[in-house]
Participant: 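Have a look at this one.
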Amino acid sequence: MAKQIALFAAFTLLACAAVCFYLNSDGAGSGAGHLDPQFYSRSCPRAQQIVRSNVAKAVAKEARMGASLVRLHFHDCFVKKRSRPNRDSARGFEVVDEIKSALEKECNQTVSCADILALAARDSVVLAGGPSWEVPLGRRDSRSASLSDSNKNIPSPNNTFQTILNKFALQGLDIIDLVALSGSHTIGSARCVSFKQSLYNQSAGLSSKLDESYAAQLRSHCPKSGAGDENLFHLDFVTPTTFDNGYFKNLLNSKGLLSSDRALVTKNGVSMELVKIYAMNNELFFQQFAKSMVKMGNISPLTGWSGEIRKKCRERNA
Ligand code: HEM
């Protein structure tokens with residue numbers, strides 16, 4: 001009998017230990033898609049600090065890096081099966097590589113690339129003067145090698161307003177998120193090749209008209225020929241490195257650079273009203289932007305035992 005009791009006690013203890021480990025393993029065992037800002041508080045307590053200092057260093061060296069990091073996070077949230085960044089959205093990836101290697105030295109294979117991107121995006125926005133928010137953490141990285149559906153979820157600048165809205169809806173994001181998150185175009189730039197089609201083809205139904213003098217200015221640096229396809233243009237040409245509501249003010253003056261930007265004020269009454277509100281009230285824009293960034297970061301994350309923690313962010317582990 002004593003043996004049976006001892007066995008039962010040992011079994012209960014083991015079961016308890018397993019459950020406790022599952023619940024307390026820094027969230028890693030949750031498996032329910034749950035993210036938590038404190039996820040690395042025990043496994044890598046300096047993680048956030050390391051990301052922040054590396055982002056600050058990169059932005060001090062080259063201001064436009066912050067914008068590229070925000071865009072990388074956006075693409076990472078919209079494409080879950082990507083094995084490596086595609087050419088179009090790879091700008092700034094060298095900063096991610098640096099952060100990853102600093103984190104690998106601090107706490108080997110603990111902090112995911114997806115979380116690095118989420119933190120780096122927040123820090124970049126803050127450094128540019130934008131709002132701050134707590135970043136839920138605990139994402140894991142894709143193990144997939146598939147490049148097949150890499151780009152189809154990502155909105156293209158020449159998509160119609162409805163297509164873009166649908167692509168956001170597919171990710172559980174609504175029109176409020178769409179307008180607020182587009183506000184991140186207040187920092188950063190676009191290559192000539194990204195908006196040339198609408199610049200030279202205003203009659204093709206590609207969104208609304210662009211202010212004529214602004215268009216002429218753009219055409220002189222973004223020739224039809226293809227010679228300047230890689231030239232960069234500020235998405236918010238008035239306050240290009242400051243995170244503010246300048247982007248929305250430009251939209252109201254028909255000076256949105258991308259066709260998809262201009263569509264926000266011409267193709268839908270609700271989005272137009274939102275643009276007007278954010279153009280008038282920077283604080284409201286900041287509040288909604290922070291909320292929508294958290295929502296975007298929560299799009300079906302890999303958690304628990306799914307995926308992996310990559311050793312290098314450009315490729316899945318061998
Ligand atoms: C609404 C649909 C969107 C479209 C069609 C779109 C399209 C684009 C395009 C074409 C560029 C320029 C890329 C290049 O020429 O290299 C760009 C840049 C950028 N996008 Fe978007 N975007 C959208 C939404 C978003 C969202 C939701 C975010 C972030 C939350 C975002 C953040 C950025 C940033 C920060 C840049 C500047 C990148 C840099 O300077 O390196 N965009 N976007």
Side-chain angles (χ1 to χ4, degrees), residues 26-28 33 35-37 39-40 43-62 64-127 135-151 153-154 171 184 188 293-294 296-318:
D26 273 349
L35 301 176
D36 174 5
F39 189 84
Y40 298 111
S43 56
C44 194
R46 284 189 348 109
Q48 299 217 25
Q49 200 183 319
I50 290 172
V51 175
R52 195 163 45 241
S53 64
N54 276 276
V55 172
K57 202 168 66 184
V59 169
K61 213 158 102 192
E62 207 177 340
R64 45 167 270 233
M65 280 307 170
S68 303
L69 290 167
V70 174
R71 186 164 190 248
L72 282 171
H73 173 52
F74 160 45
H75 285 197
D76 192 54
C77 294
F78 270 56
V79 180
K80 293 292 170 200
K81 287 195 186 141
R82 175 175 298 163
S83 59
R84 65 183 94 103
N86 66 355
R87 211 186 124 263
D88 275 2
S89 58
R91 216 153 71 205
F93 218 89
E94 61 275 23
V95 182
V96 179
D97 292 338
E98 276 167 32
I99 300 173
K100 181 63 175 167
S101 90
L103 281 169
E104 286 304 286
K105 276 185 207 138
E106 174 85 6
C107 26
N108 186 30
Q109 251 189 301
T110 303
V111 183
S112 68
C113 298
D115 278 347
I116 291 175
L117 288 174
L119 287 170
R122 189 268 318 270
D123 294 342
S124 301
V125 167
V126 171
L127 278 170
V135 180
L137 299 166
R139 297 166 190 79
R140 289 167 66 84
D141 302 318
S142 163
R143 217 183 268 155
S144 163
S146 150
L147 277 177
S148 59
D149 71 346
S150 274
N151 289 326
N153 293 341
I154 294 180
Q171 310 286 353
S184 57
M293 282 297 274
V294 171
M296 184 177 86
N298 284 345
I299 298 170
S300 50
L302 293 171
T303 55
W305 306 112
S306 333
E308 63 184 9
I309 304 296
R310 288 189 177 186
K311 291 184 191 143
K312 289 185 179 162
C313 293
R314 286 179 202 256
E315 59 207 42
R316 65 190 175 131
N317 298 338

Participant: Is any side-chain heavy atom of L35 closer than 4.5 Å to a side-chain heavy atom of T303?
Facilitator: yes
Participant: Please list, chain by chain and in numerical order, all residues satisfying side chain to side chain contact (heavy atoms under 4.5 Å, CB included) with S184, sequence neighbours excluded.
Facilitator: V70, F243, F289
Participant: Atom CZ in R310, atom CZ in R316: separation rounded to 0.5 Å?
Facilitator: 8.5 Å
Participant: Give, for atom CG of L72 and atom CG of L117, the distance between the pair rounded to the nearest 0.5 Å.
Facilitator: 6.0 Å
Participant: Find the distance between CZ (R143) and CG (L302) and round it off to the nearest 0.5 Å.
Facilitator: 9.0 Å
Participant: May I have the step-by-step check of side chain to side chain contact (heavy atoms under 4.5 Å, CB included) for K312 and C113, ending in yes or no?
Facilitator: CA-CA 8 Å; K312 289 185 179 162; C113 298; over 6 Å; no
Participant: Less than 4.5 Å apart, any side-chain heavy atom of F39 and any of R139?
Facilitator: no
Participant: Please output the side-chain donor-acceptor pairs of residues 47-54 that fall under 3.5 Å, not counting sequence neighbours, one pair per line with the distance.
Facilitator:
| from | atom 1 | to | atom 2 | distance (Å) |
| --- | --- | --- | --- | --- |
| Q48 | OE1 | R122 | NH2 | 3.2 |
| S53 | OG | Q49 | O | 3.3 |
| S53 | OG | I50 | O | 3.2 |
| N54 | ND2 | I50 | O | 2.9 |

Participant: Start with the C-alpha gap between L103 and T110, add the side-chain angles, then the distance that decides, and say whether side chain to side chain contact (heavy atoms under 4.5 Å, CB included) holds.
Facilitator: CA-CA 8 Å; L103 281 169; T110 303; over 6 Å; no
Participant: What heavy-atom pair brings A67 and G188 nearest, and what distance separates the two atoms?
Facilitator: CB-CA, 3.3 Å
Participant: Who are the side chain to side chain donor-acceptor pair (under 3.5 Å) partners of E104, not counting sequence neighbours?
Facilitator: K100
Participant: Could you measure the distance from the CZ atom of R71 to the CG atom of D76? Nearest 0.5 Å is fine.
Facilitator: 13.0 Å
Participant: Distance check, rounded to the nearest 0.5 Å: F78 atom CZ versus H73 atom NE2?
Facilitator: 10.5 Å
Participant: For the backbone of N317 and the side chain of E308, can you confirm whether one donor and one acceptor N or O come within less than 3.5 Å of each other?
Facilitator: yes
Participant: For G92 and L69, which heavy atoms make the closest approach, and how far apart are they?
Facilitator: O-CD2, 3.9 Å
Participant: Rounded to the nearest 0.5 Å, how far apart are SG of C313 and CG of D141?
Facilitator: 6.5 Å
Participant: Show the nearest heavy-atom pair for residues G297 and C77, with the distance to one decimal.
Facilitator: CA-SG, 3.9 Å
Participant: For the pair D123 (side chain) and V55 (backbone), establish whether a donor and an acceptor sit closer than 3.5 Å, ignoring hydrogens and angles.
Facilitator: no
Participant: Which atom names give the shortest non-hydrogen contact between P136 and D115, and what distance separates them?
Facilitator: O-OD1, 4.4 Å
Participant: Side chains of R140 and I309: does their closest heavy-atom pair fall under 4.5 Å?
Facilitator: yes
